[in-house]
Amino acid sequence: MRKALRLLPLPALIALSLSAQAADERPEDWRLCPVADAIPAFPDAQDPTGITSTRVDQPTDISGDTLAGTEDNPVFEGNVSLRRGDQYLGTDRLTYATGTGIYEATGSVRYQDSGMRLVAQTAKGNQNTDRHRLDDVRYQLVSRRGNGGADHITMHGADGSLYGATYSTCPPDQRSWELRARRIDVDTEEGMGIARGAVLRVGKVPVLYVPWFPFPVDDRRRTGLLYPAVGSSSRNGVDYRQPIYLNLAPNYDATITPRLMTKRGVQLGTQFRYLDDNGAGVLEFDYLPSDRLTSRERDEETAEFIEKGYPLENRRDDDRGQFSFRGHQNLSRNWTARANLNWVSDPRYLEDFSNNIDGLAPYSLLSDIGIYGRGRHWQAGLMADHRQLSDYTLSSGVLPHDRLPRAYVSWDQPFMDWLTVGVDAEAVRFHHPDKAGGSRFDAKPFVSMPLQGASWFATPKLSWRYTSYRLDEPAGAAPGDDAPSRSMPIASLDAGLFFERDADIRGEDYLQTLEPRLFYLRVPYRDQSGLPLFDTRPMTFSWGQLFRENRYTGADRQTDANQLTLAVSTRLLRQSDGREKLSASIGPIRYFDDSRVTASGEEPVERGKSA
């Protein structure tokens, strides 16, 4: 009777043909549909444990209230159940002819495995010819969300067909959307299915009809149509996207996505991906010629821009598009090339094509490209970056300077156990279409003595910072000076202690630490009002700011300081696994002198003030 179990893989045909859009990694964002069981778990079925690949090696158990017939034609009746691994088949009556291979299960046919559950009125077929049929089928995917039904299913070997099939992620009594197909043919060996007469319904309204389309039923890559996206809005009209996947080679592929917007035109989207032993990348390009939204709203848009004072050059272009490339390539063990390039045709592009319900977009797009290296005691890079305005309400004057290019190097080398020598250096060329640019060189050689013991550390450090400029136009309070410079010493002392004790909290063992720390910083005052502000801003105050040598980003400003930080931290570490369960820190900065160096619009820090 073990042969009778060959009918158990039949319901998998449903899962293969209608669950592709419910992939395992699809996020739990099933809008409009509550989560509910279309088919509750069967109370007489075992827990669906195990994996599909081991089913054939598992023993088969068949049971029923009565066994009649003959040895060649047994008949099981009353609570008939067949169990193998994660599979369960229940029915009221099962007949099987061992000579001809003909079987029939009638009355409340129920099937369950680790991936799905289904019910049917009858299941019958011929084991010798491998032909099977299930009638009046309802199913629910368990490991992948979705449910539906079919009038009947036929299967011959690896080929099968579903007639009158449906699929949805919504409960049967709340069909917010549903896919229906007159017939679906599936070839499990080729991994392909063909839907005929497919209709997508939203509520009771059919919104899309596709007379014929092929689709994959497994994870093999192949050229063909992907699942379309359909929407509607007052701005776009009916919005239909049909991705076409091109399996070009094992290590690169492409997707072409025509997009029809009935109120705007036809957009073409492309994506190319590649992967090799040393790198990977993704290139995307979208283009919409003669966007009818531009011409339709041109007069209204112009009036709005004039009324609110927006730059007229930020209006929509007739031809709209965007380009992006993200990739990296390992050049050697220490060097890597990376690129993140972005471009839009006009500052309103992201707003008009955003999928965000609020239409929100960043005010600028960053593009950067460079070569970066890292070793045991050094890191270096040669790169360039550029920002493009993507907020039509602003002017390009709000954008930071582009760095075209920027070279930097950081090196620190320990000598013996108590001396470290190093340097941080940077050379940058700043460019901006609306502001004066220039070049900057910044170097900070240093020497430190990292002393430490089992319960303490102390690191005195002495640096010298030199910064020079070559400006396109003079800056600040030094008219005519197009080559200002600045140099100053920087001295600091960072020291701390570590105390720890065992603690018992609610019967669990912890290690509690107490970590006092002091940081003294001394930097003499230098007048820096003649220096430009290319990429320098005050840092947002944080815990780490208590122990930094500068309160500014960038090299255009170096704070003067005569200050002391006294801080203390405590932590609770669970002894069983070392996890930190609690951390608390507190510490002020005490200023012994006024800190007079400021950036634009910033007030000096007063003596004695703590932060």
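Nothing fancy with the numbering, it's 1 onward along the sequence.
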**OP:** Check whether more than 12 heavy atoms from other residues, nucleotides or ligands sit under 6.0 Å from atom CD of E500, and answer yes or no.
**Re:** no

Original post:
Does the pair D434 and S396 meet the rule for a side chain to side chain donor-acceptor pair (under 3.5 Å), with working shown?
Top reply: CA-CA 7 Å; D434 302 325; S396 59; 2.3 Å; yes

**OP:** Using a strict cut-off of less than 4.0 Å between a Lys/Arg side-chain nitrogen and an Asp/Glu carboxylate oxygen, indicate whether D291 and R316 qualify as a salt bridge.
**Re:** no

Subject >> Qualifying ring-ring contact (aromatic ring centres under 6.0 Å, His included) pairs, either residue in residues 372-413, two or more places apart >> reply: F305-Y392, Y310-Y392, W335-W378, H401-H432, H401-F534

Subject >> Residue pair I244 / T255, side-chain heavy-atom distance below 4.5 Å >> reply: no

Original post:
Cut-off 3.5 Å, side chains only: do S595 and R551 have a donor facing an acceptor?
Top reply: yes

Original post:
Rounded to the nearest 0.5 Å, how far apart are CZ of R222 and CG of D253?
Top reply: 13.5 Å

Original post:
With side chains defined as the heavy atoms from C-beta onward, is the minimum distance between N314 and R348 less than 4.5 Å?
Top reply: no

**OP:** Starting from the C-alpha separation in whole Å, work towards a yes-or-no answer on side chain to side chain donor-acceptor pair (under 3.5 Å) for R221 and N247.
**Re:** CA-CA 6 Å; R221 292 171 49 191; N247 183 27; 3.0 Å; yes

Original post:
Should E515 and R571 count as an ion pair when the cut-off is N to O under 4.0 Å?
Top reply: yes

**OP:** Examine R596 relative to Y525 and say whether NZ or CZ is less than 6.0 Å from the centre of the six-membered ring and inside a 45° cone about the ring axis.
**Re:** yes

**OP:** Specify the closest pair of heavy atoms between F325 and G281, including all atoms of both residues, with the distance to one decimal.
**Re:** CE1-CA, 4.4 Å

Original post:
Could R338 and D368 be called an ion pair, given the rule that one side-chain N must be under 4.0 Å from one carboxylate O?
Top reply: no

**OP:** Report yes or no: is the cationic atom of R465 (NZ for Lys, CZ for Arg) closer than 6.0 Å to the six-membered ring centre of F441, at no more than 45° off its axis?
**Re:** no

Subject >> Enclosure of I586 CD1 (heavy-atom neighbours >12, cutoff 6.0 Å) >> reply: no

Original post:
Any donor and acceptor pair, going by atom type alone, linking the side chain of D527 with main-chain N or O of S529 inside 3.5 Å?
Top reply: yes

Original post:
Does a side-chain N-to-carboxylate-O contact under 4.0 Å join D385 and R406?
Top reply: no

**OP:** Give the C-alpha distance, both sets of side-chain angles, the deciding distance and a yes or no for side chain to side chain donor-acceptor pair (under 3.5 Å) between N550 and T559.
**Re:** CA-CA 6 Å; N550 196 8; T559 184; 5.0 Å; no

**OP:** List in chain and number order the residues that pass side chain to side chain donor-acceptor pair (under 3.5 Å) with N340, two or more places apart in sequence or in another chain; answer none if no residue qualifies.
**Re:** N342

Original post:
Do T393 and D391 get their side chains close enough for a donor-acceptor pair, meaning under 3.5 Å?
Top reply: yes

Subject >> With N330, the side chain to side chain donor-acceptor pair (under 3.5 Å) member among D276, T336, D277 >> reply: T336

Original post:
Q242 and Y240: side-chain donor and acceptor closer than 3.5 Å?
Top reply: yes

Considering only distance and modelled atom types, tabulate donor-acceptor pairs under 3.5 Å from the side chains of residues 443-457, sequence neighbours left out.
from: K444; atom 1: NZ; to: E549; atom 2: OE1; distance (Å): 3.1

Original post:
Quick check: are there more than 12 heavy atoms from other residues, nucleotides or ligands sitting under 6.0 Å from CZ of R374?
Top reply: no

Subject >> Which atom of L275 lies closest to which atom of A280, heavy atoms considered >> reply: CD1-CB, 3.7 Å

Original post:
Is R440 paired with D535 through a side-chain N to carboxylate O contact shorter than 4.0 Å?
Top reply: yes

Original post:
Strictly by modelled atom types, are D286 and Q322 linked by a side-chain donor-acceptor pair under 3.5 Å?
Top reply: yes

**OP:** Report, as yes or no, whether the 6.0 Å neighbourhood of atom CZ on R273 holds more than 12 heavy atoms from other residues, nucleotides or ligands.
**Re:** no

Original post:
Passes side-chain contact (heavy atoms from CB on, under 4.5 Å), L399 versus L389? Steps please.
Top reply: CA-CA 7 Å; L399 295 175; L389 189 68; 4.1 Å; yes

Original post:
Once the angle between the rings of F285 and Y287 is folded into 0 to 90°, is it parallel (under 30°), tilted (30 to 60°) or perpendicular (over 60°)?
Top reply: parallel

Original post:
So do V282 and F272 actually touch side chain to side chain, heavy atoms under 4.5 Å?
Top reply: no

**OP:** Answer yes or no: are there more than 12 heavy-atom neighbours, outside Y252 itself, under 6.0 Å from its atom OH?
**Re:** no

Original post:
Under 4.5 Å between any side-chain heavy atoms of T467 and S487, yes or no?
Top reply: no

Subject >> Cationic N near anionic O, under 4.0 Å, D346 to R315 >> reply: no

**OP:** Scan side-chain atoms only and decide if D556 and Y469 contain a donor-acceptor pair under the 3.5 Å cut-off.
**Re:** yes

**OP:** Using the side chain to side chain contact (heavy atoms under 4.5 Å, CB included) rule, pick out the option among D319, D318, V266 that qualifies with S290.
**Re:** D319

Original post:
Which heavy atom in Y552 sits nearest to a heavy atom in A599, and how many Å separate them?
Top reply: OH-N, 3.6 Å

Original post:
Side-chain donor-acceptor pair under 3.5 Å between S585 and S569, yes or no?
Top reply: yes

Original post:
Do the non-hydrogen side-chain atoms of T459 and F519 ever get within less than 4.5 Å of each other?
Top reply: no

Subject >> Least distance between heavy atoms, A483 atom then R470 atom >> reply: CB-NH1, 3.8 Å

Original post:
In terms of side-chain geometry, is the basic nitrogen of D494 or K461 positioned less than 4.0 Å from the acidic oxygen of its partner?
Top reply: no

